[in-house]
Number of protein chains: 2
Amino acid sequence: MAQVLSGKEISGDVRARVARDVHCFKEQYGIVPGLCVVQVGGRPDSTSYIKMKAKAAAEVGFHFVHEHHPEEITEGELLNLLHKLNNDTRIHGIIVQLPLPGHISESAITDAVDPAKDVDGFHSINVGQLTRKAQKGQRRAFVPCTPKGCLELILRSGVEISGANAVVLGRSTIVGMPMQNLLIQNNATVTVCHSRTRNLAEVCKTADILVAAVGRAQMVKGDWLKPGCIVIDVGINAIDDPTKKSGKRLVGDVDYAECAKVAGAITPVPGGVGPMTVAMLMDNTLEAAKQSMELQYGPWQLRPLRLNPLPTVPSDIEVAMAQTPKYAEQLAKEIGILPSELELYGKYKAKINLSILDRLANRPNGRYVCVAGINPTPLGEGKSTTTAGLAQALGAHVNRNTFACVRQPSQGPTFGIKGGAAGGGYAQVIPMDEFNLHLTGDIHAITAANNLLAAAIDARNFHETTQKDDALYKRLVPAKKGIRSFAPIMQRRLQRLGITKEHPDDLTEEEIRRFARLDIDPETITWNRVLDTNDRYLRKITIGQGPDEKGITRETQFDITVASEIMAVLALAQDREDMKQRFSKMVVASSRDGTPVTCDDLGVTGALTVLMKDAIQPNLMQTLEGTPVLVHAGPFANIAHGNSSIVADKVALKLVGKDGFVVTEAGFGADIGMEKFMNIKCRYSGLVPNCVVLVATVRALKMHGGGPAVTAGKPLADEYLNENVDLVRKGFANLEKQIENVRMFGVPCVVAINQFATDTQAEMDAVRELSLQAGATDAVVSNHWAHGGKGAVDLAEAVIKACDSSNPADFKFLYDVNMSVTDKIRTIAQKVYGADDIVLEEKAQKDIERYERMGFGNLPICMAKTHLSLSADPNAKGRPTGFTVPIREVKGSIGAGFLYPLVGTMRTMPGLPTRPCFYDVDLDENGRVIGLF
Amino acid sequence: MAQVLSGKEISGDVRARVARDVHCFKEQYGIVPGLCVVQVGGRPDSTSYIKMKAKAAAEVGFHFVHEHHPEEITEGELLNLLHKLNNDTRIHGIIVQLPLPGHISESAITDAVDPAKDVDGFHSINVGQLTRKAQKGQRRAFVPCTPKGCLELILRSGVEISGANAVVLGRSTIVGMPMQNLLIQNNATVTVCHSRTRNLAEVCKTADILVAAVGRAQMVKGDWLKPGCIVIDVGINAIDDPTKKSGKRLVGDVDYAECAKVAGAITPVPGGVGPMTVAMLMDNTLEAAKQSMELQYGPWQLRPLRLNPLPTVPSDIEVAMAQTPKYAEQLAKEIGILPSELELYGKYKAKINLSILDRLANRPNGRYVCVAGINPTPLGEGKSTTTAGLAQALGAHVNRNTFACVRQPSQGPTFGIKGGAAGGGYAQVIPMDEFNLHLTGDIHAITAANNLLAAAIDARNFHETTQKDDALYKRLVPAKKGIRSFAPIMQRRLQRLGITKEHPDDLTEEEIRRFARLDIDPETITWNRVLDTNDRYLRKITIGQGPDEKGITRETQFDITVASEIMAVLALAQDREDMKQRFSKMVVASSRDGTPVTCDDLGVTGALTVLMKDAIQPNLMQTLEGTPVLVHAGPFANIAHGNSSIVADKVALKLVGKDGFVVTEAGFGADIGMEKFMNIKCRYSGLVPNCVVLVATVRALKMHGGGPAVTAGKPLADEYLNENVDLVRKGFANLEKQIENVRMFGVPCVVAINQFATDTQAEMDAVRELSLQAGATDAVVSNHWAHGGKGAVDLAEAVIKACDSSNPADFKFLYDVNMSVTDKIRTIAQKVYGADDIVLEEKAQKDIERYERMGFGNLPICMAKTHLSLSADPNAKGRPTGFTVPIREVKGSIGAGFLYPLVGTMRTMPGLPTRPCFYDVDLDENGRVIGLF
């Protein structure tokens, strides 16, 4: 008698192995593999199959979902459901139980399942890939469960498949065809038979291995078999059997009684192939979950873009336009962003949904690198260029998962005097025209949100001025179908006022007055309107001069949009909810009795949150070499902290993972940009930088050393074009102080000497020697501008070393927020700028008292000081000493979460020159932007 | 001796057939099928194969492209190339010549070819689909050329394949495996043999059909064959042959001399399978081109979304949020938009590239339907709702290709008093929150463009005032590396000034003055700044009060963004180039000597075009039933023409094709919205409407008949809730006049009675009876608000009939543009409003004289009149008579292309009430918008 191949037993082994692996999987990733079965209609056979699958899934420890839908579901609705399941990160395997009702195309549906979740192996792509050898780097195709189970049974029988003659009865897409593929892959000589085959018995007789899958009860007889052959019986047919209670019993396609006598091994029905199918479904699902984790947590499959730098570097826009960027969809796939987490904006930009932070919550962060610089000179240092170049080197040459996180530039100045902030030469963010124009509309959203709040302030003031308490109240809380009620945002105001009543009719006259009147003192309104346009005529204006406004005019101003507190909030918010909370706390004015009036008091918090709901999602772009970049937020560095957003850094740190790098830039000199990066941004984010890169150029150091002034349009002085080591050494004082500033925070410092063609070896050597003396971990020459990432490989290696040597425990803030405001300002001035002391003007003193009285004294400090010098005097180069820092006044961005002392006047609206750049900007005949820098 | 199956001869037949079909194809579609072969590196065998393919392609009449790239091309670059080819509408078939160099994954590359262009049949999807039966509506998979050729040879041999024994030698993915699939599909019993097969000769002996594809010279011997069998020899092997000049000769896998004696039919080598492969490539390419045309020109494969209307219709946002929209990508695919023509903005919005107009240039337009209404009352008529409902009926119920084209609403009012413009009830555009918020940023782009021009005006004025001629000129035309040159936009100004000099140094002092000084008279500046915010405090302001502006202040105002002339240009432009031309002509002020000063004079035309380059692309959204909608442009109906864009209508008319429908809406009453639609929009577009739908409600007609006033918040008067046929008949006068207005243009008119629950049959019958009497083609009750498209099926049928009966030759404009301005205004007032005459105030007279003097007298007229009455008095309901229309002043939107006479004061900046809607707007805990209407 033949060996009985017990599917029950073998499938038990398989399921036990899967269960063990699931256990390890859970340990490793903190999540459970998920399987979803989609059922349409109520066929009893389908229902009973699904029950078996559900039971097996529960036993191996899967998350199991049964999506059961009525017969009437449309094809479109079913496709939508599959879209949802494809995007559901808790589901790793999806099967659609067949057959489907006649009005639904089965092939359209099976082809709509994500091939990576198609654990039935029915998607055309999986079917197609099954017939091919898998290639390097390719996802392994899913093998349909029944043939996979049959193969397992054949292997367990011990037969040598290679060279054996195999006969497959049946040519179904689910069993017969994939079965013969598997047998051929295992080197059997395979014959496929079907209803049109002549001499079926004769063909079967040649088989060393016979797989029967035709659905005809007991068709294969004993005398069809070659003695000793292996018989796998896929059929499940109900035949009459009066001895059974149901009157039926199940048999296979093989006459078991006869064949068991001839065959060497045979599967029983039931208990043969059936249980194997379910076990293999479990196996495939686990495999799908593992593949998904590899994709999410493994090293990126990044395909860098090739650069072919020209010996003479063309203009930035020419370099940028000569490169063809990857589609954002492709880039996202390469770095493990799921389609559901991506919102495309055109072909080359996309927003990333913050839900990605939940998915990757358990993943360790990568290394966090801040790029800062010496105090800027008109010669330029190249911080943005270094940020891009370093990211290109790390991502495309040293092959580390790397993100650059940079600010979105303001559109206004793009058409005024200066260029963009996309880097330069062969180290840029692309497409650079989109980077410098609307991008995905975040700044436009800020304009809309900021100005809605501004309009609300003046409108409220007008309505309060022109209405009595009762009328005002009745309009604020109107009756709908006779009933008045408070909006939730009004309930919050009542709470702040200490009024605990719930019904509008219950308030006393006094309470009505307090609730309905914000009583804004127009003189105290600090909230300005904004535009992302360089419009000098809006620097000081008078509004409300129309006849309808009844003479209630007011002097005010427009700022450039990036100066809006909403931009500062966007940059510092942890998530959408935190953004909303910060909006609610924004102080726009004081009431006549000195109480701060907030955005929430005006009822606009929710509307601002809605206007900013997309803007909070960071924008994915890429460098010239196809490495990923997040562009997000760009607070005006003059009066805010000038750093890109916290959420972008968080998303990037998760996406690069443990061994990856996130390179971000702090605007202005390190005394301003990096100081705020540490004391404000890192304080709010809780993130600790592993390394600071300080960018300097030989030329700029010469100017700090006393080199002559530089005038636009005139040729450079000889000092800058010829070797002058002495001048470099003198000017190093500025870099020295900035290195000390970095070390003060307990973070390693790498100096990047951004090379120019005129720099001599002796000059660069001097910078390196002095930097190491001053405490830098390393000082490296970098020429990414001319060579792209390849030119910054040394810098990248130095940064990796510095990060490896860093200890997050060494990190410390410069001051405790609970110190007095004056002490905090003094600490920054003395320690970071090297000042003797600060001098508080009377206005500043009063401001500080007011903010401390209102309870805002414990906010961090955001200095509004010239970036051109360590001191308050823009002309004092090098490392000035013996100076004081005058504080003219102190303002607050309470929602964003900082006070900003003003050292001198800060302009918040740029103007247009006589010949603005817009004269050159146009589209060429192919619709491409020209003349942008 | 065996019959010789001459591939040369048979392939000749195939190619001749293809050539004939290509001829017909060209006739039918006006384009040529295109085949592209991608070659990497320079293998001589590949080069010679490609030569053969190129020759064959030329012979059958294909457009053939040989993309030849060096060995060093990266995988990423090759993928990018395939992306480009996939998106190239001139290429229908793509093959990548294999093998590829080792650093490139062949499977990644073959799977990157669009399956619909994969004429080699190597994409996993095509491979997978080959193993399955094709299902209804599924694209036919491409069969690899060699096995397809083999099958053709077998069929030509006359053998009966069904039931025959076939043996395939070789299991390659290119020949062996697809060959066996084809044979099994043709009902052969197939055995696949390979290097591991034992007793090869014995297996071959069973074959009625033998296909040899192993690459071993003359392996199959005569005694391996069953006498009379069919032998197909795929092998091409070079063996030594001293008798040949080359010392080599080509033989197959079959020993031809021996086998020809035994077989019944046999293919020679060469001249057997080889030529068939090339012929089948031609066949597949033609097939690909045909499939592509079917997709582009055939009926849509639209999957409507199911609606389940509730008996009590919930709020608009609740209805909208309860529906799950289709992904924009899916919708685009269903209606024949190519991926390259689509730019996604998130999941549910996309922009359509205007290149689609080139691709579909030869396709006939669909029917063009304009939805207009009676003069609005506070009771609402539901034009937007009818537009959406009619589109739902036509597209999802009557199954005609249908687009709705609607305006983008202004975001400002969304947070003020009123709701959006997405329709209502079960006839809406979704997602309605995105529709009413930023959408894709078009309005933000207008704000930016408008205000850049405004800033440029004041900055130029300032710089001219504070600089002498020479300094001003030198700054405008600065020396770069010692050389001054004019920007192209400056050359255009020089041309307008009649200065023909090319070099800045050649201008005389007088010419310098004329060129450099726009000499703007500040009093004449008509260009206002804009914001998309309801901000009443900006209705009249004084700007330039900052100390740097040296006392050069000016009174001006902000308008709501949609009132910008740039919006009007966007709506009337034919394409991007036309938009730019219109921008250049926009007049912003006059010089002190009365010359118009244009955008081009200020040098901003190119910059505005760049800012608006994405905005010119219409936005794809959908109705609640998943039918497509284009949302594009929304000029302020008070002072502009209030119609959505021409480009959107053009794109939609091409996409729906001959039997399809485009339904668009004209704002306000038909006397304003439709009159401007006809006389301005259709005049510029050259499009002719096939039908106007006039929307009316029983309630609104009652008000026109003298029903009592309606006050918000108070219960409706009895007249509106109970039957009052008399009042309806009286009020019908308004509808009667509007029907006459429609007929005046020679267009059929269908009246849509937008049903309310309180309407009685007698009332509706009265409207119908009177409408038919007044000349309407039909009058139909519609209840799409409560039932969606299903409720508007009768209306849809009536519209189809009216369109069928329409004759474009009957269409006529109301006036000739070459009439005097006064006569044009009078014509509109008398014929459309029914006025006795117009009364020109003095200012208006002067304005008209000025515009006629400047050469703008031949522009069409855009009346700025109240929309609440046919007359100038908003309180005069019904059909007023015996009135005159006073014209206060006349303004011009010269770039957009119309003059607009002001009848009374038109407000261009709304305000916020005491309790604006923003109090209710917020995100819920799932991040979904709540409180929006």
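Reminder, nothing fancy here: chain letters follow the sequence lines and each chain counts from 1. Computed from heavy atoms alone, side chains included, the values below leave out hydrogens, waters and symmetry copies.
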**OP:** Report the option among B:Arg306, B:His83, B:Lys347, B:Arg554 that has the most heavy-atom pairs separated by less than 4.5 Å from atoms of chain A.
**Re:** B:Arg306

Original post:
Considering only heavy atoms, which portion of A:Pro488 lies under 4.5 Å from any heavy atom of chain B: side chain, backbone, both, or neither?
Top reply: neither

Subject >> Engaged part of B:Asn80 at the chain A interface, taking heavy atoms whose separation is under 4.5 Å >> reply: side chain

Original post:
What is the distance from atom CZ of A:Phe558 to atom CG of B:Asn451, rounded to the nearest 0.5 Å?
Top reply: 8.0 Å

**OP:** Tell me, for A:Asp920 versus chain B, whether the close heavy atoms (under 4.5 Å) come from the side chain, the backbone, both or neither.
**Re:** side chain

Original post:
Side chain, backbone, both or neither: which part of B:Gln557 has an atom under 4.5 Å from a heavy atom of chain A?
Top reply: neither

Original post:
Counting only heavy atoms not in A:Glu329, do more than 12 sit closer than 6.0 Å to its CD atom?
Top reply: no

**OP:** Would you mind checking which part of B:Glu577 comes under 4.5 Å of any heavy atom in chain A, side chain (CB onward), backbone (N, CA, C, O), both or neither?
**Re:** neither

Subject >> Value rounded to 0.5 Å, distance of NZ in A:Lys540 from OG1 in B:Thr542 >> reply: 12.0 Å

Subject >> B:Leu452 portion near chain A, given a 4.5 angstrom heavy-atom threshold >> reply: both

**OP:** Please state whether the side chain, the backbone, both or neither of A:Arg196 comes within less than 4.5 Å of a heavy atom of chain B.
**Re:** both

Original post:
Are any of the side-chain heavy atoms of B:His444 and A:Thr447 separated by less than 4.5 Å?
Top reply: no

Subject >> Region of A:Glu202 in contact with chain B, defined by heavy-atom distances below 4.5 Å >> reply: neither

Original post:
Checking B:Glu464 against chain A: side chain, backbone, both or neither under 4.5 Å from a heavy atom?
Top reply: neither

**OP:** Applying side-chain contact (heavy atoms from CB on, under 4.5 Å), run through A:Tyr537 and B:Arg529 and close with a yes or a no.
**Re:** CA-CA 11 Å; A:Tyr537 263 66; B:Arg529 287 167 178 81; 3.9 Å; yes

Original post:
Run the side-chain contact (heavy atoms from CB on, under 4.5 Å) check on B:Arg915 and A:Met490 step by step: do they pass?
Top reply: CA-CA 11 Å; B:Arg915 188 197 188 283; A:Met490 294 174 168; 3.8 Å; yes

Subject >> Residue part contacting chain B, namely of A:Arg576, when any heavy atom lies under 4.5 Å >> reply: side chain

**OP:** Mind ranking A:Pro547, A:Ala164, A:Gly441 by heavy-atom pairs under 4.5 Å with chain B and telling me who comes out on top?
**Re:** A:Ala164

**OP:** Could you check B:Val127 against A:Val127 for side-chain contact (heavy atoms from CB on, under 4.5 Å), going step by step and ending with a plain yes or no?
**Re:** CA-CA 8 Å; B:Val127 175; A:Val127 174; over 6 Å; no

Subject >> Selection from B:Gly911, B:Gly931, B:Gly546, B:Ala350 maximising heavy-atom pairs under 4.5 Å formed with chain A >> reply: B:Gly546

Subject >> Check: B:Arg171/A:Asn187 side-chain N/O donor and acceptor closer than 3.5 Å >> reply: yes

Subject >> Any B:Asn181 side-chain heavy atom under 4.5 Å of A:Met177 side chain >> reply: yes

Subject >> Interface residue of largest heavy-atom contact number with chain A, from B:Glu343, B:Glu555, B:Glu549, under 4.5 Å >> reply: B:Glu549

**OP:** Against chain B, work out which of A:Thr206, A:Leu437, A:Thr440, A:Ile184 has the most heavy-atom pairs shorter than 4.5 Å and name it.
**Re:** A:Ile184

**OP:** Give the member of A:Thr553, A:Thr605, A:Leu602 that has the highest number of heavy-atom pairs under 4.5 Å with chain B.
**Re:** A:Leu602

**OP:** Find the distance between CD (B:Gln180) and CD (A:Gln180) and round it off to the nearest 0.5 Å.
**Re:** 4.0 Å

Original post:
Using non-hydrogen atoms only, which part of B:Ile489 is less than 4.5 Å away from chain A: side chain, backbone, both, or neither?
Top reply: side chain

Original post:
Non-hydrogen atoms of chain A under 4.5 Å away: do they reach the side chain of B:Ile552, the backbone, both or neither?
Top reply: both

Original post:
So what's closer than 4.5 Å to chain A heavy atoms on B:Pro178: side chain, backbone, both or neither?
Top reply: neither

Subject >> For B:Ala108 against A:Arg303, the heavy-atom pair lying closest together >> reply: CB-NH2, 4.4 Å

Original post:
Taking C-beta and beyond as the side chain, do B:Lys613 and A:Val929 meet within less than 4.5 Å on heavy atoms?
Top reply: yes

Original post:
Nearest 0.5 Å, what's the NE2-CG distance between B:His438 and A:Asp614?
Top reply: 6.5 Å

**OP:** Kindly determine whether B:Asp111 and A:Gln129 satisfy side-chain contact (heavy atoms from CB on, under 4.5 Å), including the steps that lead there.
**Re:** CA-CA 10 Å; B:Asp111 276 1; A:Gln129 289 180 346; 3.2 Å; yes

**OP:** Report the option among A:Lys480, A:His463, A:Gln185 that has the most heavy-atom pairs separated by less than 4.5 Å from atoms of chain B.
**Re:** A:His463

Subject >> Chi angles and distances behind the side chain to side chain donor-acceptor pair (under 3.5 Å) call for B:Thr197, A:Thr189 >> reply: CA-CA 6 Å; B:Thr197 298; A:Thr189 299; 2.6 Å; yes

**OP:** Below 4.5 Å from any heavy atom of chain B, which atoms of A:Ala445 appear? Answer side chain, backbone, both or neither.
**Re:** both

**OP:** Can you see which heavy atom on B:Leu912 is nearest to which on A:Ala459, and at what distance?
**Re:** CB-CB, 4.0 Å

Original post:
What part of A:Asp532 is in contact with chain B, defined as an atom under 4.5 angstrom from a non-hydrogen atom: side chain, backbone, both or neither?
Top reply: neither

**OP:** Quick one: pull up CG in A:Leu538 and CD1 in B:Ile541 and give me the separation to the nearest 0.5 Å.
**Re:** 6.5 Å

Original post:
Which bit of A:Ser355 is near chain B, if near means a heavy-atom gap under 4.5 Å: side chain, backbone, both or neither?
Top reply: neither

**OP:** Select one option (side chain, backbone, both, neither) describing which atoms of A:Leu472 are under 4.5 Å from chain B's heavy atoms.
**Re:** both

**OP:** Identify which part of B:Ala188 has an atom lying under 4.5 Å from any heavy atom of chain A, answering side chain, backbone, both or neither.
**Re:** backbone

Original post:
Side-chain contact, heavy-atom cut-off 4.5 Å: A:Arg907 with B:Asp548?
Top reply: yes

Original post:
Which residue out of A:Pro916, A:Ser195, A:Pro913 racks up the most heavy-atom pairs below 4.5 Å with chain B?
Top reply: A:Pro913

Original post:
Which region of B:Leu611, side chain (C-beta onward) or backbone (N, CA, C, O), has a non-hydrogen atom less than 4.5 Å from a non-hydrogen atom of chain A, or is it both or neither?
Top reply: both

Subject >> Considering all heavy atoms, the nearest B:Phe918-A:Ala607 contact >> reply: CB-CB, 3.6 Å

Original post:
Considering all heavy atoms of both residues, which atom of B:Thr533 and which atom of A:Ala455 are nearest to each other, and what is their separation?
Top reply: CG2-CB, 3.9 Å

**OP:** Would you check if A:Tyr919 and B:Leu476 make a side-chain contact, meaning some heavy-atom pair closer than 4.5 Å?
**Re:** yes

Subject >> Side chain, backbone, both or neither of A:Leu531 within contact of chain B (heavy atoms, under 4.5 Å) >> reply: side chain

**OP:** Go through B:Arg460, B:Arg198, B:Arg475 and name the one with the most non-hydrogen pairs under 4.5 angstrom from chain A.
**Re:** B:Arg198

Original post:
Side chain, backbone, both or neither: which part of A:Phe462 has a non-hydrogen atom closer than 4.5 Å to chain B?
Top reply: both

Subject >> Heavy-atom proximity to chain A below 4.5 Å, by part of B:Lys580 >> reply: side chain

Original post:
So which of A:Asp433, A:Ile930, A:Thr914, A:Leu923 has the biggest tally of heavy-atom pairs under 4.5 Å with chain B?
Top reply: A:Thr914

Original post:
Checking A:Arg539 against chain B: side chain, backbone, both or neither under 4.5 Å from a heavy atom?
Top reply: side chain

